[in-house]
Each structure stands twice: as structure tokens, then as C-alpha cells.
Amino acid sequence: MAGRALLSARGLTRDFRGFRAVDQVDLDVAADSVHALVGPNGAGKTTLFNLLTGFLPPTAGTIELDGRDVTGLPPEQVARLGVARSFQITSLFPQLSGREHVELALQSPSGLGWRFWRSAKLMRRYRERADELLDMVGLAELAEAPAEALAYGRKRALELAIALALDPKVLLLDEPTAGMGLEDVDRTVELVSRVRQGRTVVMVEHNMSVVGRLADTVTVLQAGKVLVEGPYEQVRADERVITAYLGATDAAH
Amino acid sequence: AGCGGGGPSGSGDSKLTDDKVVLGVLNDQSGVYAELSGKNSVKAVEMAIADFKAKYGDKAVTKNISVESADHQNKPDIANTKAAELYDRKGVDAILDVPTSSAALKVADVAKAKKKLYFNITGATTALTGASCNRYTFHYAYDSYMLAHGTGTQATQQGAKNWYIVYPDYAFGQDMEKKFSAAVEGAGGKVVAKDATPFPNDNFSTFLLKAPTLNPKPDTLGTMQAGADLVNLVKQYNEFKLRDKGVGLAVGLMFLTDIHSLTPAALAGTTYTDAWYWNFDQQNREWADRFLAETGTRPTFAHAANYSAAMQYLEAVQAAGTDDADTVVKGLEGKEINDVFLRNGKIRAEDHRVVHDAYLAQVKPQAEVKEDWDYVKILKTIPAAEAFAQPSGDCKM
Amino acid sequence: MTTTVDSEAGAKPGRAGSGLVAVARAPWWVRYALLAVGLVVALWLPNGLYPAVAVDILCWALFAVSVDLLLGFTGLMSFGHAAFWGTSAYVAGIAAIEAGLPFPLAVLTGALAAAVIAVPIGYLAVKRTGIYFAMVTLAFAQMIYYVANKWGTVTGGENGLQAVPRELGGVDLSDEYYFYYAALPITLLGLWAAWRIVNSPFGRVLVGIRDNPARARALGYPVHRYKLTAFVLSAFLAGLGGGLYVMGHQFVSLDALHWTTSGKAVIVVVLGGMGTLWGGVIGAGLLVRLEDWLSFSGFEQIGLVTGAIFVLAVVLFRKGIWGSAAALASRWSAGRGK
Amino acid sequence: MTGFLQHTFDGLVNGAFYALLALGLSVIFGMLRVVNFAHGAFYMLGAMGAYVLLTEFGVPFWWALVIMPVLLGVLGMALERAFVHRLAQLDPLYNFLLTFGLTLILQDLVKSRYGVQSSPYTTPAELGGSVDLGLFDFPTYRVFVLVFAVAICAGVWWLLTHSRVGMVVRAATERPELTRAFGINVGRWVTPVFGFGIALAGLAGVLAAPMRAVNPLMGADLIIVVFAVVVIGGLGSIFGSVAAGFGIGLIQAWGVVYLADWPILSQTLVFIVMAAVLMWRPAGLFGREEAAA
Amino acid sequence: MLRIDNLSAFYGEAQVLREASLEVAPGEVVTLVGRNGAGKSTLLRCVMGLHSGQRGTISLDGRDLTRLPAYKRARLGLGWVPDDRGAYATLTVTENLSLPPRVGPDPWSLERVYEAFPALYTRRDSPATKLSGGEQQMLALARVLRMGARLLLCDEPTEGLSPLLVQQVGDLLREAKRHGVTVLLVEQNLHFATGVADRHYLLAEGRVVEAMDNSEVRSRERELLAYLGI
Ligand SMILES: Nc1ncnc2c1ncn2[C@@H]1O[C@H](COP(=O)(O)OP(=O)(O)OP(=O)(O)O)[C@@H](O)[C@H]1O
Ligand SMILES: Nc1ncnc2c1ncn2[C@@H]1O[C@H](COP(=O)(O)OP(=O)(O)OP(=O)(O)O)[C@@H](O)[C@H]1O
Ligand SMILES: [Mg+2]
Ligand SMILES: [Mg+2]
């Protein structure tokens, strides 16, 4: 692995009213790798995601995507440049069906969304691909149900489907398996390993077995700072990581 | 009068276009002008019809005379639709009243298009007899010139020399201010300063604070405010004790109903111009007593003017023997009239301004108020010839 | 950028599912039948109603639909749409008086002017959502009201703009009855445009933005710009209504810009059914007719009646007329489907 | 200089009304997420009520100052029970619309009973004179209004930040279900707060009666300016609304004097300030802002 | 202590619980396992009195709760950790913790909470929804402990927590149990569940299909995982 860095951050810092959530983080995500971010709750992982995707402007530091400075760009532009994300706390359009979600995502890069003088039937061109994606995450039968009526685990799956629909260069997944049953976890792992082909994936995950199965590189954050970075096996064995994050029993698990 | 609006096409021996005469009162029955005219104007018109019938009995051109009324809520668009509807659907031959300048002007347009009569009573704009005049529209009672000129000239002649004028910053106020200042200066007074105030406004203290500090110190505060703004201003005028500081008050536009709501005590000594006053003389008082019996309240000038206009219209129909609009208009033009409302009245042919005597009024001190609604004494009668502006020349019939 | 409070807005008022979608999913013949009935009623209207009232209904229908476009499909409740309605009315009126434009062109000019002033207002207003948006638009509209009031030389101040000519290539339109038929095509065009916008890819994005703006941004949709575009389009439609209105009455006054006018437009939409588009048309018909009737009825408390209807509609009848009918119809068809 | 101070003082007095109204609006919004369009109508009811109490029952100003807020508070609670809480779980826009409808009703009810003409109400005799403020005199009543309003604003602020009330009601409004699950009887807390906010509007109304025109429409346009004020201060921020209230009062007073040559500016000043605040701090000067989304 | 008989629940027309019955003895920790969408959260909401559209009876210490509003149930000693964590945006962390009234004999003090969850202490003045996901989860748990509830209804309390914290939560629940608190726990993580619980109910399609004890679960782990998976 260890290809060139597709997404990198230098000295990235974010303050909230005097509280430093992300502190001087340097991060290099190699192209075509799966990069996991782990760390105790409140370490700043989600905030880092928010910074990388433009949802929060950094207090200091820079972000580069594929050699281009994207610091301070609004989220929609970051998304346009090929960075898609899922949200830790499920974020969907409650009244739209799963299929409509995916169609909306598929349409996004095309500029079709501006055509207020054309018929919405034009969006049918995305149907086939949308159903494919839904099928991929196991939502084929639920394609018509409004998102608000889905059980939690299904919503997570739908999040993943719409992130994939953007066909992103970089896919940022915030705890993609949280709240999923075992089968869904397995499916998600399998799915991520499938879609990582030709893509870069950054994920926040507390489930260490998922991290172990997917990640090429693991960065451990603590209190906003990078604690350790390295391959999974090495990080898991690190004393500092065990005390700060894994705890004695789970490290063995 | 039917939908065609063309020449007389009477049936039987009647020369009426449709066997009946219908008067339409279109005014504000729920808003700011509701008390000033409102439903009681309809009553006044009904009184006129009754009086007309009593006067002519069987000789009346028709017995079939009625009133229709509608509420325009002071909204010109509603006034527009209502006016058209009154003429077209309700068979109205003449519309009366119509307060609020925008509505008043709009209805003039409708009258012109429908070729039906229109007597504006409660609109203040001089445009009705100026650029917006037309053959079918008559302007009764008062207008902004009468108000501004009356008070400005007369109060200055009565001793007010240095004026501070505040006016609301919209067309009516600006127009009033111009006329008022001209009148004051024409009568030898001096306008020390003038200020436009926001409109609407509930805080005039800035101006009231300023008044006594001007140089030379004004002896009179001339206000062109109306309605709630006037009430605000007067209340605050008293709060800042300007009268005690030697600054009197003269009001451009005030109605009896305003005095009632502010109480005479708050306004004691204030001068303004009135078009008619119910307790001016015996004739007025008798009519006012009848009105009181009908409605339970004393009439404003608007009520009397509505009565008068209805009466004069009916008289004109009677004289012409037809309700054909053009014939009636011809009969009215140039006519000289004296009735309970019009003193030395004349309907000018050039612009259809109905001129008549106006009055400089002063609010009595509380102690002198002996009777409800008897709030003012008339200082001076302004002769008809002076009370209104000469035809402006803008009017092309 | 929105605040926490904004994003907590919770359930949005216009549930697209209640009206539009239900009809869109109705069998084709139902849709065409409804359309046909609507057209027949539109063609017949000035024969059954006083033509001037019928013209008013057309104007208000456009106005209401423009408000619903924002409210029901973008989740933005404009309480200041009178600004666009009124501005267009003034501009169209002035265009007809000063430049002697034939009435359709004057109306178009007015609508364009409304769209133009919607750009700066919208630019600022779409920074807020929910209830703030309502308050901000209300305040800006009031500001325009003050300006128009002050700027009497152009707007005629409180006298209004009088005697606006209404002409079209020598055809005499002074009779309201004929004018109605001249105005109808413009109205239908405007309504069709609104329908098209809602049922376009753009419309779908708006619904997404309404339901979850943060998600929409993460999908790459510039939310503010979409909202602004919707705002301007809506202002244009409101402007069409306002332009027709000035032509219909041949005059316009400051009332057209007052916040009560904005409020009335919202009442019409709620009455007809938010997020249903056509509900606004029905609401307009009802309210205009009701007001017309009330002003001859001798009943003075018009605000009492409209206010009470409104309160009842909000408390008991939130789907409005169209929404309720659609819900009934879909329940009925679902029942039959079993 | 004296002139400037006078106008400044005057601006503060005027601002006191904005502040009191904005305070009530913010209490209701901050706790219940309801933007009360009818706030201006309740202000009017306060003033009309004082007038009715005086003329029909001979109740003097001082009593009205107590009675009207209590009466209106009770009315507010009744309305909350009858309507507002039914809509609490829906988009806040519904309650905005509801209170808009209520405004029309309240205005018309008063109109039909008392007409639109302004009703007379005079300054209580005790406050009729003027106070020497060193450099200039000022009507006693205005000084009273200012002092009284400041005291009320400070008291309410203290109450809401130093007691459980604010916390519980905010919780109850945000997630009534969850709050119930914590053993809190939501209705018992929310209703009085709504009443309290209404009472504040009524109080402002009674205070206005001696110095402003008392009529059914007196609150109609005012409320829009107050909306602008709370947008500037940050809706729901008690401190922000009060500060913005006084601030706008000041700016307006200065504007009228120092921008006299540009009346169009001085009259739309509030809205211009609002636009500027929206550009620069969309959440309002003291509103909380979240960057994300 | 808690007894549920023939509980059915509906969302509109859709039935999500079908005559589910279960029982929790005082001082017991019982888990409810099942696939996504099985109706676990719904069951807890029914117990709390937050779900309209239900049939069946729920009783606490022999007392019928069915007609009691939610706030009265809470005052009987029920504490709920909602699956969405239920953080109040308009309240700070401290306020979130101070909000619930004390309903049981042994409420935690604020100090004790902050000692157990130092992360909450550092963020004590920030609005609760600004916390990280895991912090919000801690907050939700800490909040019911502050009430001193006798019966905890915990809906996936370990979701999104770091492994270290998951262990801590396990310790916490065990400690609560030692103090006589009863717990009904919804949990996806079987490993965690067997670590803290005495018994388990398996919920499938709204029915309680099986009741097991720890040893049974351990011995049938593979089978169960497969079952939960499919
Ligand atoms: N908008 C905000 N305002 C204030 N503080 C914030 C905000 N967002 C995050 N924080 C704080 O910043 C810290 C980092 O939060 P973040 O959500 O990034 O954590 P995390 O690593 O994703 O944790 P978890 O695993 O629990 O999701 C937390 O202490 C949180 O309380
Ligand atoms: N608001 C709702 N409207 C309609 N259906 C709903 C609603 N909430 C839940 N459901 C449905 O009810 C069923 C049970 O949901 P519930 O949330 O109780 O499941 P769960 O077992 O807690 O699942 P999870 O493990 O994903 O949290 C699901 O099929 C879900 O789709
Ligand atoms: Mg996180
Ligand atoms: Mg659940």
C-alpha cells in the first residue's frame, strides 16, 4: 500500500468556545487504502470528519485533497470533489423512500437538479443503478418504504447506499456498523471491502473486529491529538492504546 | 339604472332608467373611519330619502328609492370591486362617501367608466377635483386645502406667529405641510422649522423635545398627523407639557371623533378647521337631535354631508325628471345650495368642487364642556369663497 | 449556516405525501378528469361570479401557489410575499402608465422586477430557516412597505397608483368580463410553471433540502443556492399574480405591500392545504369569495371571521381542503385495493 | 450635548417597550419554541384593558398594572391549553400561524366592542410632573417606565437563569415525551410560562396606555419591529432580546435626529440593522450559532 | 417485579409486537435480544408508557401500569435510556443531569457521575447535543442513574462506545445490580449481554420466541448468532 496521500491534513485544529476538540492533527490517507480512525469517545473523530468534509471550518490548519487545497470549502463543494460521508447519527430524508434517496444522490453530480423546467421523470434514468445499490446493502425489498419507517439498522444501511451512490474518490464512514446486528455487520464489512476497489475509505469504528478486517492503517486519536498511527496489529498491541481505548479484556477479544 | 348605462329607456310613464333610484354608500364600516362616517352615514342617507319622500309625496319622481351599502375596509381594491358591483349589480345610481384617498380616487375611476354619479364626502385629496377629476364625480365636504389653509391662515391671523410644523412623511402629510406652510406665511406668520415624522409612529418625543429649543421659539406647534398618530402626538405633547412651555397646538386634520377619543381636556385650546359642527346653530342642532334619535349619537360633519349629498342628488333627479346621469350632472353643475350642511354652497362646474362655508374651531376647556360631544366653539366662519382653493386648472373633464 | 434551533424544526408543515403525491399517484383518468373539471370551472367562472371577483381569484390563486411553492416544497414560510406581489404590481402599473406597455408585457415586467428584488432579500433570508425565515421575510417586506410609502413621487403614496391603462393591441379590455379571459392564459401558464417546478428534478432536490439540509449538502447540493433559486422563482410567480392584480383593478395601493396581504396569502394556502399546490387555488377561490360576500353582508368583523377560520384550519384541519380530500381519496382507494 | 443626552434618554424609554415585548416573546420562544405573533395583540389588550378598567370600573393605573398582566396571563394559559399545546409537537410554524389567526380575532373583538378610535387614558396624577435629571427635565412618567422596565427585565433574567423553571420548561418543550419519561408532568410547567410571557406583553401595554394612542391596532405594526428586534438580538436569548430592544430604541432616536435629512434611512433603520446582523451573524448578536449544517 | 402479558403494539396498521409476554424478577438483569426491527425498542417504549396503540397488560410489583401516564410510571421508579440517547439540545450537560427528579432510594450525586464519566465533566457546560456520540450515550445512562430508578430500561446503552467504555458500562450495570437495581436491557452485543445479564429473551418479529439463561446462551452461541443473523 502506502501509496501517495490522497487526503491529507496538516496541523488541523478546531476549537469550540475555548474547548479544543481537534488539536494539531496531521493525517495522511493513502490512495486506495482503508484508513480507520479510532479512539475514545469524544476524541474528536467526528469533528475531524466534519472538518474534512467542510461541515466545520477549521480554526487552524490545512486540508488537501489530491494535491488541491480544500480548506474552508463548503460541504457541497467538498462532496463535488469526490468526498462522500455518512453521519454517525443517522441523517436521512424522513419522508423519501430509499430509492428516492439514492436517486437524489446519483443525480447530484449531473447538474440535473437545477432543471426546474424539466420533468422529474428524467430521474428515472437513475432507477436501475439505484436498485442495484439498494440491493447491494440489502434494502432491495424496502426500496419503497419511507426512511422514517425503517428500523435503525436499515437506516444505517441506507446511509451507506447513498454515500456510495456519489461514487466518491474518498468515502468517509462514521461508525457504519454501530447499532447493526451481526449479520448486517458482516454484510457491511463485505460491502466495504467490495467498494474499496479504486476508492479510498476513511472510517470511524469502535468495533475492533471490523477495523481488523478492513483497515490498512489505523490512527488512534485521543483528546484531539494523534496518539498512535500504524497497521492494525501494531496499534492493537500498543500499550498506550490499550490503556486509553481498548481496555484489558477487549484487547484480547 | 341598468347595466347598459346608456340613454333613458324608461318604461311606462316614469322617465327613470329602471323604475327606481338607488343610492349606494360605500365606506369604511369597520376601520378607522367607521365612527366618523360608517354605518351612521347609511342612516343619514336613509333620513334624506325619508325627508325627500315627505317633501314631494305623490309628486316624487319615484317612490322606489333605496340605499345599498358596502364596507370597503379602507382597501382600495375592495372599494374598486364594490363600486363596480354597486353600479352594475345593485343598480346604484350614485355612490356616496368613500373615505381614504386611494379608495376615493379609485371609485372616481369606476364612476367615470360606468358613467354613474359619485359624491365623495370623506376623501381629503384635492386630486379628486384636480388631475383625477371627471364628469361624474363631485367632491363634497372638505379637502386637504380647506383643512390646511383654514387653520394655517386663520390661526396665524388669530395671533400664532412662529410655527413649528411636524407632518407625517407620506403623500398626504407632505401635501398638507406645503399647503399649511404657504397659508401660514401668506398670513404673515413664520415657519421656524418643520420636520417629517415617520409614519406610522408612536413616539414623537424627539420632536417635542426639540420644539421649545428652537430659535426663535415657536408659539405654535402645527401638526399634520391624523388618526392614531395624532392621538400619540397629542398625548405626548401633554406629557412634555409644551402648552405650559408656551407652545400652543394647532391641528391640520381633526375630527370630532378624535376629540372624543383624546378627551377635550387633552386638547383644550387647540384650533382646527371643521367643515360643519352640529351645535353651530339652531338648524344644525335640530337635525342633530333627529340624528341622535335615529342613531344614539351626535352627527359628525360626514354624516351631515352624506345627508346633504343624498338630498341634493334626489332633488336634482326630481328637477330633471330622470335619473339619467348626464342630465343629472348638468342639473347639478353650477347650482347654488343652502341646506343643513351646505351654507352658501355652490357646485362649481369647472371641477365639481362643492364649496361652502367652513369653520375655525377651538376645543373648549373641560370646564366648559356641558354636554357629550359638545366639545368645540366656533371661533370664526370661513366664507365659502375663501375656504376652498380656486380651480387648479389641472382638471380636464 | 443554520443554528441548532433551526435544524430542530421537526416535522415540516408541508407533507408532500398528503396531497400532490397522492394525486400524482392517482390513476391517469382521475388526474385528467380533475384537470378537465378545473379548466371548465375556470372558463365558466366569470359567468357565475362577478367578473371582477373572478379576476381577483385568478390573481390570488397565483399568489397562493407561489407561497406554497416555498412553504410546502422547500419548507420555507415566507411571511413577506406581499413584497413581491406589491412590487410587481407597482412596476407593472408604472410600466403600463409610463411606457404604455400592453398588459401582458407589463405583467411580465412586474414579475421580473419582483424576481430581481427577491435576490438580495432571499440572499439574506435563506441564511435562516423555519420560524426565523418567516420573521425575516416579514421584516424585509415591511421595509419595502415603508420605502414605497415614503417614495410617494413614484408610487403615488397612499393615494396609490391610479388609472392604470389595460390594453392589448387595440382590444378593449375595459370590461372585467373580457379581461378575465385575457388574464386566464397567463394564470394558467403560471400555475403550470409552478406544477412543473415542483415535479422537476429541481423540485425533488427542494423536498430533500426541506427534509434534511445537512444531508443534502453532504450529497453535494448547495443548499443556499437552491433555496435562493426557489425563492426567486416563487417571487416571480407572486409577481405574475401581483401584475395581474394591478391590471385587474387598474390601480394599486400600499395595501398590496402590507404584511396583512402576506398573511392573507398564507391563510389562503393553509386553507387550501399546504404542500398541495392546487390547494392554494381552491383556498384563493374560497377566501376571495367569502370576503366579497362579507363586505356586502353588513357583518363588520371580517378579521374575526377570517381569523377564526384560520385558527380552526390550523388546529383541526391542518391538511386543508385539498390535502384532506386527497387523504380521503387515497384512504378510499386503499380500502378498495384490499 | 444636553440635546444628545435627552435624545439618548428618550431612546432608552422607547427601547424599554421593545425590550419588554422582546423579552416576553423570547421567554415564550426560548421555552416553548413558539413565536407568538399575537404578542402585539396582547400588548394592545393590556392597554385597552387598563382603559376599560379605568372607565368602566374606576380602577386606577396602579391596580391596572397588576390586574391586567394577571388577567392576560390567565387568558394566555387558557389559550395555551386550548390551542398552542395541541400544535406543540408540529413544526413551530403552525403555532406562528395560529397566533397570527388569534391576532386577527383579538383585534376584531376589541374593535367591535370599542371601535377603532383611540381611547383616552391619562397619566396617573402621581407621575404627571417631570423630574430634574441634572442637565434636563424629563416627564416623570417616562422615567418611571424606564426604571420599571429595567427592573422587570433584570428580574425575569434572574428568575430564568437561577431557577429550575427555565431548564424544565426548555426540556419539556424540546422533547416532551422524554421529559415525561423522567417523571415530569410537562403540562404543569409549560402552560404557566406561556401565560407569563403573555403577561409581560400585557404589562408593556398597560405601561403604554398613558403615553400612546390606545386602540385595537396599536400592536399591529409594532410587533413587526419587535420581530426585527429579536432577530437582531437572537431569538430565545433573553439577554440578547432585551439588549437589542434598548439598542434599537436608541438607534431609532438618534436616527430620527441625526439622519433627519435621509428620512428613508431613519425610518427603515431597524430593518437595515437587521439585514446587517443577518449578513454578519445570522443567529443574531447573542444567539447561539452552530456552524455545521 | 416487571411483568408483561400479551403485549401487542402497532404503528398505524402495522403490528410490531405480537402478544409478547415476559417477566423480570427484582434484582435481575435481563436482556432482550433480536434482530434489527424485531420490536425491542418498541417494547421498552410500551413499558415506559410512551407508545400509543398497544394492547395487553404491563404491571410493576403487581400494580397495573397500563393506564398510568409516563411521568407517573417514572415516579414509580422506572428509568429509561432511549435508543436515540435523548440529549436535550437546549440544556447543558449539567442541566441534562439535573433535570430528572429523584424517584428512587439511591440516586447518584452529580459528583459521583462526574467521577464515573470524567468526559462529561470536561464538557459540563456545553449543550448536550454538541457532545460526541459516545458522550451522549454516557449522558443518557448517567441521567437515569441520577434518578435512582429501581428498574432501568436500557436501549442499546453500549452503542457507539469505545471498548474501554463498554467494559465500564458493564461494570456499572453489575454494580447497580449489586445495589438491588433491576435492569431490562436491549443489546445487540451477545458477548456483552452474557457478561452482565442473568437471563435473556429472544424476540423475533414481535414475539418472544425463547427465554434462556447464561449458560444456555453460551452453549448455543453459534446457533444464536446464526439465528440473529438470518
Ligand atoms: N459543535 C460542537 N460544539 C461544542 N463541542 C463540540 C461540538 N462538536 C463536538 N464537540 C466536542 O468535541 C469533542 C469531540 O467530539 P467528536 O464528536 O469529534 O468525538 P468522537 O471522537 O467522534 O466521539 P464518539 O466516538 O463518541 O463519536 C467532544 O468532547 C464533543 O463534546
Ligand atoms: N415511527 C414508526 N413508524 C412506522 N413503523 C415503525 C416506526 N418505528 C419503528 N417502526 C417499525 O417497527 C418495527 C420495530 O421497530 P423497533 O424500533 O422496535 O425495532 P428494534 O428491535 O428496536 O430494532 P433496532 O435493533 O434496529 O433498534 C420495525 O419494523 C420498524 O420498521
Ligand atoms: Mg463520533
Ligand atoms: Mg431499537
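Here is the naming used below: chain letters follow the sequence lines, and residue numbers restart at 1 for every chain. These numbers were taken from a predicted model, which means no experiment stands behind them.
- Neither the backbone nor the side chain of E:Ala140 has a heavy atom closer than 4.5 Å to any heavy atom of chain D.
- Residues E:His179 and E:Asp106 share a closest heavy-atom pair of CD2-OD2, 3.9 Å.
- Summarising the local packing, CZ of E:Phe10 is surrounded by more than 12 heavy atoms from other residues, nucleotides or ligands at distances under 6.0 Å.
- For the side chain to side chain contact (heavy atoms under 4.5 Å, CB included) with E:Val81, the lone residue among E:Leu141, E:Leu44, E:Leu153, E:Leu139 that qualifies is E:Leu141.
- If you measure heavy-atom distances from E:Pro101 to chain D, the contacts under 4.5 Å come from both the backbone and the side chain.
- Judged by distance alone, the side chains of E:Thr90 and D:Glu174 do bring a donor and an acceptor atom under 3.5 Å apart.
- Remark: the backbone N or O of E:Gly34 is paired with a side-chain donor or acceptor of E:Lys40 at under 3.5 angstrom.
- Between E:Phe117 and E:Leu97, every side-chain heavy-atom pair lies at or beyond the 4.5 Å cut-off.
- Of residues 66-76 of chain E, those residues lying under 4.5 Å from chain D by any heavy-atom pair are E:Ala70, E:Tyr71, E:Ala74, E:Arg75.
- At a threshold of 4.0 Å, the pair E:Arg18-E:Glu205 does not count as salt-bridged, since none of the basic side-chain nitrogens sits closer than that to a carboxylate oxygen.
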